Participant: 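Got a structure here, written out as structure tokens. Questions coming.
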Amino acid sequence: MNKEQVLYVIQLLREGHSLTEITKLAKINVMYVSVIRKLMVMDLLQLDA
């Protein structure tokens, strides 16, 4: 997974898409999406997207 994919996932999460929908759109594992969402919730992910 590269930075562009992470930024895309963050954008989709901010738009309110579901985990399974993001998994299909970004073509990555649902566990990665879940971890990115958890980091965003805990304010540990510091990316300007």
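This structure is a prediction, so every number in the text was calculated from the model and none was measured.
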Participant: Quick one: pull up CG in L7 and CG in L12 and give me the separation to the nearest 0.5 Å.
Facilitator: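 One gets 11.0 Å once the value is rounded to the nearest 0.5 Å.
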
Participant: Report whether V35 and M42 are members of the same hydrophobic cluster (ILVMFWY, side-chain heavy atoms less than 4.5 Å apart, transitive linking).
Facilitator: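 Both belong to a single hydrophobic cluster.
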
Participant: Evaluate the side-chain proximity of Q5 to N2: yes if any heavy-atom separation is below 4.5 Å, no if none is.
Facilitator: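 In short, these two side chains touch, coming nearer than 4.5 Å.
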
Participant: Enter the distance from L19:CG to R37:CZ here, rounded to the nearest 0.5 Å.
Facilitator: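 It is 4.0 Å, given to the nearest 0.5 Å.
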
Participant: At what distance, to the nearest 0.5 angstrom, does CD1 of I22 lie from CD1 of I36?
Facilitator: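 So the gap between those two atoms works out to 9.0 Å.
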
Participant: Show the nearest heavy-atom pair for residues V9 and A26, with the distance to one decimal.
Facilitator: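 It is CG2-CB, 4.0 Å.
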
Participant: What's the spacing between H17 NE2 and T23 OG1 if we round to 0.5 Å?
Facilitator: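 Here the interatomic distance stands at 12.5 Å.
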
